[in-house]
Amino acid sequence: MKTAIIIIRTLIGLLFLFTSIGFFLKLIPEPEMTGNFKAFQLGLVASTCLIPLAKSIELLCGLSFVTGRYVTLTNLLILPVTVNIMFINFFLSPGGIPIALFVFFGNIFLIYSHWENYKGLFIAK
């Protein structure tokens, strides 16, 4: 179980690092967008702050996952981002569903594996 936790945590961390560094350094070309996804993406870009904010969170969480520090906090911080990634891929860009599912269920698995740390949030004393 410990090996699976380390592997999933590291893979998710590397994926977040790759996408966020690629975004900030313009290493990855923008994919061709069509239809509703193009309209959604144009709205996000027009806001000027949402994409950099999400990519900054992904960068910090990626570093945390790769180093193995603050993983309990990182799981909670990145959960809304992974849910958003999953819904965007389900409804607007079905080509990315496998990666979105891996990130979402990997995050859920990491939360489950550290459940002892979260009990205080959900159980009143």
What distance separates Leu53 CG from Glu58 CD, expressed to the nearest 0.5 Å?
10.0 Å

Answer yes or no: are there more than 12 heavy-atom neighbours, outside Ile99 itself, under 6.0 Å from its atom CD1?
no

Between Met86 and Leu101, the two heavy atoms sitting closest are SD-CD2, 4.0 Å

When rounded to the nearest 0.5 Å, the distance separating CD1 of Ile85 from CZ of Phe102 is 12.0 Å

Flag if over 12 foreign heavy atoms under 6.0 Å of CZ, Phe24:
yes

So, for Ile5 and Ser113, which heavy atoms are closest and what is the spacing to 0.1 Å?
CD1-CB, 3.5 Å

Cluster overlap Tyr70 with Leu17, hydrophobic side-chain contacts below 4.5 Å:
no

Among Leu60, Ile12, Leu14, which residue satisfies the side-chain contact (heavy atoms from CB on, under 4.5 Å) criterion with Phe65?
Ile12

Which heavy-atom pair separates Arg9 from Val66 by the least distance, and what is that distance?
NH2-O, 4.4 Å

For Ile78 and Asn107 the tightest heavy-atom approach is CG2-ND2, 3.4 Å

Grouping I, L, V, M, F, W and Y whenever their side-chain heavy atoms are under 4.5 Å apart, do Val81 and Ile88 come out in a common cluster?
no

CG-CG distance between Leu50 and Asn84, expressed to the nearest 0.5 angstrom:
9.5 Å

Can you find a heavy atom in the side chain of Leu76 that is under 4.5 Å from one in the side chain of Leu121?
yes

Give a yes or no on whether Val83 and Phe109 share a hydrophobic cluster (residues Ile, Leu, Val, Met, Phe, Trp, Tyr; joining criterion: side-chain heavy atoms under 4.5 Å apart).
no

Got a second to check how far Leu79's CG is from Leu110's CG, nearest 0.5 Å?
11.0 Å

Less than 4.5 Å apart, any side-chain heavy atom of Phe16 and any of Leu59?
no

Closest heavy-atom contact between Ile57 and Leu77?
CG2-CG, 4.1 Å

If two hydrophobic side chains count as joined below 4.5 Å and joins carry through other members, does Ile111 share a cluster with Met1?
no

Within 45° cone and under 6.0 Å: Lys26 NZ/CZ vs Phe23 ring:
yes

To the nearest 0.5 Å, what is the distance between CD1 (Ile7) and NZ (Lys2)?
12.5 Å

On a heavy-atom basis, the closest approach of Thr74 and Arg69 is OG1-O, 4.4 Å

Any side-chain heavy-atom pair from Phe87 and Phe91 closer than 4.5 angstrom?
yes

Could you tell me the separation between the OH atom of Tyr112 and the CZ atom of Phe105, rounded to the nearest 0.5 Å?
15.0 Å

Is it true that, when you exclude Tyr118 itself, more than 12 heavy atoms of the residues, nucleotides or ligands shown sit nearer than 6.0 Å to its OH?
yes

